[in-house]
Amino acid sequence: MANLKLPYLATAALSGGLFGAGLYVSQMVDATKVLRFLDVTAIPSGGWDPSLAFVIVPAIVIMFIAVRISRSRQAPLFDQAFHEPEYDRIDRRLIGGAVLFGIGWGMAGICPGPAISLIAFMPDDLWIFLLTMLIGSYAGSLFVPSGHARRLADAK
Amino acid sequence: MESFTPLTAALGGCLIGLASAVLWLGNGRIAGISGVFGQLLPPAQTLVWRLVFLLAMVAAAFLAARLLPSIGMGGDVPATLVPAPTGWGIPTPVWLAIAGLLTGIGTKIGNGCTSGHGVCGLARLSRRSMVAVAVFFAVAMLTVAVTGIV
């Protein structure tokens, strides 16, 4: 099992660590700050906080370079293949899922990364969000074919 | 505007981009947090690295708050999440439970969240991710406008 070897797990730990530090440094673990980005109604009054855009753009640029590098390689350093999603149809599930997530994100200002990173600080009621997110994720998996083969068969 | 923090935002964004690049070039995996988290439940075929990733994420946030008190949050992480907007008559725990459920279901059937679609998907120039990101940002902005939570 490639994914139980030390370099593989060390890479996962390094990536998770960088991710958690990034969410803290960028203040994306602060739900209020995220909501102040999403609150576009505050643009006319000058109360809008565009910080989130300054988080996501450099992140995309760095990942874009990494994807470019990976295109000239057969496989990543510690696994047999790049696990790139092959399903590329824009369907009702994608749109519906994005709508539901958008409502949830707008209601609480927390997306999955910050929700989990906040365990480090355990604000009141965080456990409610984490538990219901896990239940929601499981509920979603019951009526969505998430298996690789099924999704590809679906696409035919 | 006192709350606009472009420098620490960009620094944090670079760390997140680096995190995604490391996982992709090292293990060939997409650093999508909803995916890493959602597949902890059955059928979980790759449980160990997912747990390692998430534990490291929590530990790093904890350490960053203590080692870098002058950067970013400055150690000042809110002790509470944002309370439910007044006027809707919904207690905050119920409000958060609804938000959590929608986040869980939505990211599962839509195959991703801000990190998987927003960072990795856009960087891969995925059409699905472009659509998902446009939809969830627009809906989240609309939700904030309608609920008046901030």
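Note that this is a predicted model, so its numbers are computed, not measured. Protein chains get the first letters and strands the later ones, always in sequence-line order, with residue 1 at the start of each. We use all heavy atoms of the structure for the numbers below, so side chains are in, but hydrogens, waters and symmetry mates are not.
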Q: Specify the closest pair of heavy atoms between B:Ala19 and A:Leu18, including all atoms of both residues, with the distance to one decimal.
A: CB-CB, 3.6 Å
Q. What heavy-atom pair brings B:Thr103 and A:Phe129 nearest, and what distance separates the two atoms?
A. OG1-CZ, 3.7 Å
Q: Determine the sole option in B:Arg29, B:Arg128, B:Arg124 for which the salt bridge (charged side-chain N to carboxylate O under 4.0 Å, His left out) test with A:Glu84 is passed.
A: B:Arg124
Q: Can you measure from CD1 (B:Ile98) to CE (A:Met107) and round to the nearest 0.5 angstrom?
A: 5.0 Å
Q.
Please find the pair of heavy atoms, one from A:Asp49 and one from B:Thr5, that lie closest to each other, and give the distance.
A. OD1-N, 4.4 Å
**Q.** Segment of B:Ile149 engaging chain A (4.5 angstrom heavy-atom cut-off)
**A.** side chain
Q) Side chain, backbone, both or neither: which part of B:Ala59 has a heavy atom under 4.5 Å from chain A? A) neither
Q: With a 4.5 angstrom heavy-atom cut-off, could you sort out which part of B:Leu55 is near chain A: side chain, backbone, both or neither?
A: neither
Q. Does any heavy atom of chain B fall under 4.5 Å from the side chain of A:Leu52, the backbone, both, or neither of them?
A. side chain
Q.
Which one wins on heavy-atom pair count under 4.5 Å against chain B: A:Ile128, A:Thr41, A:Ile90?
A. A:Ile90
Q) Picking from A:Asp39, A:Val57, A:Leu35, which has the most non-hydrogen pairs under 4.5 angstrom with chain B? A) A:Leu35
Q | Aromatic plane relationship, A:Phe101 with B:Phe136 - under 30° parallel, 30 to 60° tilted, over 60° perpendicular | A | perpendicular
Q. Are any side-chain N or O atoms of A:Asp125 and backbone N or O atoms of B:Pro93, one a donor and one an acceptor, separated by less than 3.5 Å?
A. no
Q. Donor-acceptor pair, A:Ser26 side chain versus B:Ala9 backbone, under 3.5 Å?
A. no
(Q) Report which part of A:Ala21 has an atom under 4.5 Å of a heavy atom belonging to chain B: side chain, backbone, both, or neither. (A) both
Q. Using non-hydrogen atoms only, which part of B:Ser34 is less than 4.5 Å away from chain A: side chain, backbone, both, or neither?
A. both
Q.
So, taking the atom named CG in B:Leu11 and the one named CZ in A:Phe54, what distance separates them when rounded to the nearest 0.5 Å?
A. 14.0 Å
Q. Of the listed residues (A:Ala31, A:Ser70, A:Ala108), which shares the most heavy-atom pairs with chain B below a 4.5 Å separation?
A. A:Ser70
Q. Donor-acceptor pair, A:Lys33 side chain versus B:Ser3 backbone, under 3.5 Å?
A. yes
Q) Quick one: NZ on B:Lys108 to CE on A:Met133, what's the gap to the nearest 0.5 Å? A) 11.5 Å
Q. Side chain, backbone, both or neither: which part of A:Leu118 has an atom under 4.5 Å from a heavy atom of chain B?
A. side chain
**Q.** Selection from A:Ala139, A:Gly17, A:Ser137, A:Gly104 maximising heavy-atom pairs under 4.5 Å formed with chain B
**A.** A:Ser137
**Q.** Residue B:Val131 versus chain A: region with a heavy atom under 4.5 Å
**A.** side chain
Q: Would you mind checking which part of A:Val29 comes under 4.5 Å of any heavy atom in chain B, side chain (CB onward), backbone (N, CA, C, O), both or neither?
A: side chain
**Q.** Interchain contact, A:Ser117 with chain B, by part (heavy-atom threshold 4.5 Å)
**A.** both
